[in-house]
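Numbers here are sequence positions counted from 1. Only a predicted model underlies this, so the values are computations on that prediction, with no experimental measurement involved.
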Amino acid sequence: MYAACAVKYSLAVPCYNEGAGLPGLLRRLKALSVEREDVEIILVDNGSSDATVRLVQNAPDDNRAIVPVRVERNQGYGYGVLQGLRAARGEFLGWTHADMQTDPADALRALRILERESTPERVYLKGARYARPFADRFFTVGMSALESLLFLCPLWDINAQPNIFHRSFYERWSNPPHDFSLDLYAYATAAGFGLKIMRFPVLFSDREHGLSHWNVNLRARMKFIRRTLEFSVRLRREWNACKS
């Protein structure tokens with residue numbers, strides 16, 4: 001493992017029953033760590049019940065940049081991300097998905113963008129997906145419009161990856177959610193704190209293995225919408241209470 005002072009960027013990657021695709025992900029993560037030695041990858045086994053458990057624990061044997069984290073019981077996507085961030089040592093933190101629909105190498109592109117900024121600690125950097133199916137884009141536009149109206153600021157393509165930010169921003173978080181609303185929480189909170197929101201294009205590909213854990217049918221999407229809007233209203237009320 002790297003010395004603590006050498007870690008500039010920590011990337012959390014939550015994995016839930018990704019055993020089939022994890023060998024391919026590990027190859028990409030190794031290429032990422034070879035390019036930059038100041039990056040650590042927090043690989044989170046988020047309560048999996050398949051080969052993910054073994055692969056995550058053995059990953060450091062082949063890639064010294066990987067820090068394995070085990071969540072015994074799955075408590076949501078956001079919980080896995082938060083456990084990864086909790087273990088992180090970098091000055092800059094972030095996360096991305098394990099399904100490789102967006103390339104982990106996008107995180108290095110993001111880091112290079114941040115390093116060109118004069119005040120990177122005041123920047124929240126997020127991917128902006130392209131080459132997505134029409135139905136997915138339609139769904140995203142609708143959710144983005146609703147959230148932007150609710151929070152009175154532009155919040156577009158909320159679940160795009162990766163998310164990159166300075167540790168000081170993370171240390172100001174209060175009661176972040178444990179489900180997929182974490183993407184919205186971080187994005188909206190960055191806007192609320194007045195951080196400079198920057199987006200950069202990332203290619204969005206098909207999953208190489210397995211199925212989405214939420215985007216499987218209309219019923220699942222409706223459940224996702226309901227839970228997201230419920231959280232959004234609650235978060236907006238908390239904002240109003242803090243300002244009053």
Side-chain angles (χ1 to χ4, degrees), residues 1-115 125 127 160-165 167 170 182-183 200 202-213:
M1 294 172 62
Y2 301 130
C5 62
V7 178
K8 183 168 187 177
Y9 176 52
S10 300
L11 178 67
V13 186
C15 307
Y16 178 61
N17 290 343
E18 295 283 356
L22 203 48
L25 173 64
L26 291 174
R27 287 192 293 271
R28 295 196 191 186
L29 292 176
K30 187 169 186 179
L32 182 152
S33 62
V34 167
E35 184 174 342
R36 288 194 60 148
E37 293 189 350
D38 56 355
V39 172
E40 69 174 0
I41 299 107
I42 314 297
L43 199 61
V44 182
D45 166 23
N46 198 15
S48 301
S49 58
D50 67 352
T52 300
V53 181
R54 172 180 54 81
L55 291 169
V56 168
Q57 289 302 316
N58 293 336
D61 295 338
D62 189 51
N63 186 349
R64 67 191 183 97
I66 288 181
V67 178
V69 171
R70 167 66 176 167
V71 174
E72 292 297 332
R73 179 177 62 84
N74 184 277
Q75 300 179 54
Y77 156 80
Y79 185 84
V81 172
L82 292 168
Q83 294 308 299
L85 297 180
R86 184 178 181 182
R89 299 173 296 159
E91 177 185 1
F92 294 93
L93 310 177
W95 73 84
T96 192
H97 293 168
D99 56 19
M100 292 187 291
Q101 287 187 285
T102 52
D103 194 325
D106 291 332
L108 287 190
R109 293 172 54 213
L111 185 56
R112 288 192 288 269
I113 292 171
L114 274 178
E115 289 174 333
L125 189 57
Q161 307 297 318
N163 299 272
I164 314 291
F165 43 86
R167 174 177 288 276
Y170 163 69
L182 181 65
D183 289 293
F200 70 106
V202 296
L203 175 64
F204 189 78
S205 306
D206 294 332
R207 287 180 64 98
E208 295 187 7
H209 299 276
L211 298 172
S212 169
H213 297 298

Taking C-beta and beyond as the side chain, do [X] and [Y] meet within less than 4.5 Å on heavy atoms?
X: Leu32; Y: Leu108; result: yes
X: Val71; Y: Val44; result: yes
X: Pro68; Y: Asp45; result: no
X: Leu182; Y: Leu82; result: yes
X: Ile42; Y: Val13; result: no
X: Thr102; Y: Pro162; result: no
X: Ile113; Y: Leu125; result: yes
X: Arg28; Y: Asp103; result: yes

For the atom pair [atom1] ([X]) and [atom2] ([Y]), what is the distance rounded to the nearest 0.5 Å?
X: Asn163; Y: Trp95; atom1: CG; atom2: CH2; result: 4.5 Å
X: Asn17; Y: Leu22; atom1: CG; atom2: CG; result: 11.0 Å
X: Tyr79; Y: Tyr16; atom1: OH; atom2: OH; result: 14.5 Å

Presence of salt bridge, Glu37 and Lys8, under 4.0 angstrom
no

Check this for me, if you would: do Glu115 and Arg36 make a salt bridge, where the nitrogen-to-carboxylate-oxygen distance has to be below 4.0 angstrom?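 Salt bridge: yes.
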
Exercise. Closest approach of Pro23 and Ala20, non-hydrogen atoms and distance?
Worked result: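 Closest approach of Pro23 to Ala20, heavy atoms only: CD-O, 3.8 Å.
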
Shortest non-hydrogen pair, Ser48 vs Cys15, comes out as OG-O, 3.2 Å

Residue set satisfying salt bridge (charged side-chain N to carboxylate O under 4.0 Å, His left out) with Asp183, at least two apart, ordered chain then number -> none

Worked verdict on Tyr9 versus Glu40 for side-chain contact (heavy atoms from CB on, under 4.5 Å) = CA-CA 6 Å; Tyr9 176 52; Glu40 69 174 0; over 6 Å; no

Heavy-atom donor-acceptor pair, [X] side chain to [Y] backbone, under 3.5 Å:
X: Asp50; Y: Gly19; answer: yes
X: Glu91; Y: Val7; answer: no
X: Arg167; Y: Gly90; answer: yes
X: Gln101; Y: Ser205; answer: yes
X: Asn46; Y: Asn74; answer: no

Problem set entry | Criterion side-chain contact (heavy atoms from CB on, under 4.5 Å) on Asn63 and Ser33, from CA distance to verdict | CA-CA 8 Å; Asn63 186 349; Ser33 62; 3.1 Å; yes

| field | Among Thr52, Leu26, Val69, the one residue meeting side-chain contact (heavy atoms from CB on, under 4.5 Å) with Leu43 | value |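 Among the candidates, only Leu26 passes.
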
Report, as yes or no, whether the 6.0 Å neighbourhood of atom CZ on Arg86 holds more than 12 heavy atoms from other residues, nucleotides or ligands.
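No, not enclosed.
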
- Task: Please test Leu25 against Glu18 for side-chain contact (heavy atoms from CB on, under 4.5 Å), starting from the C-alpha separation and ending with a verdict.
- Result: CA-CA 9 Å; Leu25 173 64; Glu18 295 283 356; over 6 Å; no

Any pair with a residue in residues 53-63 that passes salt bridge (Lys or Arg N to Asp or Glu O under 4.0 Å), sequence neighbours left out, goes on the list, sorted by first then second residue, please.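 Salt bridge (Lys or Arg N to Asp or Glu O under 4.0 Å) check on residues 53-63 returns Lys30-Asp62.
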
* Worked verdict on Phe92 versus Phe165 for side-chain contact (heavy atoms from CB on, under 4.5 Å) -> CA-CA 6 Å; Phe92 294 93; Phe165 43 86; over 6 Å; no

